[in-house]
Amino acid sequence: MTIREIEAKSILRKYKKIDSWFVSRYGMNLYRGCTHNCVYCDGRSEAYYVDGEFGEDVTVKINAIEILRRELDPKRKRAPFKRSFIMIGGGVGDSYQPIEEKYQLSRRALELVDEYNFPVHVLTKSTLIKRDIDILKKINQKNRTIVSFSFSSVDDKISAIFEPGVPPPSERLKTLTFFKNEGITCGMFLLPVIPFITDTPELMEETVRKASEVNVDFIIFGGMTLKEGRQKDYFSQVLKQCYPELIVEYENIYQKNKWGEATGEYYNSIDLTFNSIIKKYKIPPRIPLALYKDILEENDLVVVVLEHIDYLLKLKGRTSPYGYAAYSISQLKEPLLSIKRELKRINGVGKVTESIILEILKTRNSSYYKKLLTG
Ligand code: SF4
């Protein structure tokens, strides 16, 4: 393992628009590279320019806290922050991978998030996050904390093959229980399911059932991508060793797509399976509106709710105009409240979308969204 310490120029990443998966406008990568070394990790792909041997080497942004303090200080900002969850995690390195024990960048970043009064959403696979319960609780009391864990399934044996450097799913589930008992909102990212291995209806149902037993507040689901190059080569090597009979199946669904995506038919089929399972367990497949409706400003709230509606419709195998409308709204400079009478001028907004938007602006809620979630 090689650790490289670097001086970063910036830490906080501002997304081009609000991210409706995480309900976040800002995120950060404190480390580049990840010794968790998940076989499917897309951080391994050349597309992300992570230096060194992925899974072995880690780059540490040694001055991260100093920079972040400047970036989070509202007095130093020309434009005010848009309220949303600050996202810690995801990207090209788990914020709670083993090296965090020594550098404590995630802990110190949380201290700043607390000091500057932001809500936070942390996504990890590591039980080390329990160490920071004191700060996560403080943030939760003043603003809000969401702790999410990612899983490809709840099968410890399969995880040992594909997620060799992380605590097994059974430990992650126990950690979710720990956070729930501390009054923290928790999510499961069932992402990615591994084709023909963890995407079977039986294993997916077992995973959702166990998530339901620990009372997760939501489950976000997604399939796997395999980008040509390092990511696909590494994955194929492991597949060949452990599941040689699946090689042809993989060739059929991963057909050299630029983004490493599998075929639409494959994703549709796992979406339908997932949809039927979460309906049975009554778990929302997106972060529930109650957790952010008092946080986001109007335009962002409308974008997130429309994108969630769009997702729910597609999950049911239906088409939807709401994603396009949400994108158009995300590009607006003026507040929706100031153009309430002219909403139909916005690309993608027709009569039905207009009435959904007006209801959100008035009540910070959407009866259509609620109906889709329960229907
Ligand atoms: S924990 Fe996340 S970032 Fe780290 S190797 Fe696994 S998938 Fe990649």
Side-chain angles (χ1 to χ4, degrees), residues 1-4 13 19 21-22 24 27-61 64 87-103 105-106 109 121-132 147-156 158-173 175-176 187-195 197-199 207 220-227 229-239 259-261:
M1 177 179 174
T2 312
I3 298 169
R4 200 162 67 98
R13 250 179 324 131
D19 181 313
W21 286 41
F22 303 123
S24 171
M28 63 186 88
N29 276 317
L30 298 162
Y31 304 104
R32 286 182 73 75
C34 188
T35 53
H36 285 165
N37 200 19
C38 303
V39 172
Y40 49 72
C41 182
D42 67 351
R44 196 182 309 274
S45 159
E46 289 83 349
Y48 300 104
Y49 306 104
V50 178
D51 292 333
E53 187 67 30
F54 194 90
E56 295 276 328
D57 305 336
V58 184
T59 301
V60 180
K61 296 177 183 172
M87 188 67 209
I88 300 184
V92 290
D94 196 311
S95 307
Y96 283 91
Q97 58 180 299
I99 203 170
E100 164 65 13
E101 275 186 64
K102 175 180 171 200
Y103 285 93
L105 294 184
S106 300
H121 183 179
V122 186
L123 173 65
T124 181
K125 276 197 180 96
S126 169
T127 52
L128 176 60
I129 188 178
K130 275 163 79 175
R131 180 198 65 190
D132 295 342
V147 170
S148 294
F149 269 77
S150 51
F151 293 76
S152 55
S153 81
V154 287
D155 188 308
D156 284 358
I158 299 176
S159 170
I161 298 172
F162 290 98
E163 297 156 351
V166 262
S170 51
E171 288 301 317
R172 283 175 250 162
L173 286 166
T175 311
L176 281 170
M188 171 185 271
F189 278 64
L190 178 48
L191 182 78
V193 286
I194 306 170
I197 299 169
T198 68
D199 66 350
T207 303
I220 290 179
F221 171 76
M224 193 174 90
T225 55
L226 267 189
K227 290 192 179 67
R230 279 200 303 214
Q231 186 196 5
K232 195 171 187 179
D233 295 347
Y234 190 78
F235 186 90
S236 303
Q237 232 176 304
V238 175
L239 193 70
W259 311 107
E261 288 168 337

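Note that ligands are numbered from 1 as they come in the structure, with each ligand's atoms numbered from 1 the same way. Only this structure's heavy atoms are used, side chains among them; waters, hydrogens and symmetry mates stay out.
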**Student:** How far is atom 8 (Fe) of ligand 1 from the closest protein heavy atom, and which atom is that?
**Tutor:** Cys41 SG, 2.3 Å

**Student:** For atom 2 (Fe) of ligand 1, what's the nearest protein heavy atom and its distance?
**Tutor:** Lys125 NZ, 4.0 Å

**Student:** Look at the aromatic rings of Tyr31 and Tyr103 and report parallel, tilted or perpendicular, splitting at 30° and 60°.
**Tutor:** perpendicular

**Student:** Of the backbone and side-chain N, O or S atoms of His36, does one lie nearer to atom 4 (Fe) of ligand 1 than 2.8 Å?
**Tutor:** no

**Student:** Under the criterion side chain to side chain donor-acceptor pair (under 3.5 Å), I'd like the reasoning laid out for Glu163 against Tyr40: C-alpha separation, chi angles, the key distance, then a yes or no.
**Tutor:** CA-CA 8 Å; Glu163 297 156 351; Tyr40 49 72; 2.6 Å; yes

**Student:** Side chain, backbone, both or neither: which part of Asn37 has a heavy atom under 4.0 Å from ligand 1?
**Tutor:** backbone

**Student:** Identify the protein heavy atom lying closest to atom 4 (Fe) of ligand 1, giving its residue, its atom name and the separation to 0.1 Å.
**Tutor:** Cys34 SG, 2.3 Å

**Student:** Compute both the distance and the angle, then confirm whether Arg44 meets the cation-pi test with Tyr234: under 6.0 Å from the six-membered ring centre, within 45 degrees of the axis.
**Tutor:** yes

**Student:** Would a line drawn from the ring center of Phe221 to the ring center of Phe151 be shorter than 6.0 Å?
**Tutor:** no

**Student:** Under the side chain to side chain contact (heavy atoms under 4.5 Å, CB included) criterion, do Lys125 and Cys38 qualify, and how do the steps go?
**Tutor:** CA-CA 10 Å; Lys125 276 197 180 96; Cys38 303; 3.5 Å; yes

**Student:** Considering only protein heavy atoms, which is closest to atom 6 (Fe) of ligand 1, and at what distance to one decimal place?
**Tutor:** Cys38 SG, 2.4 Å

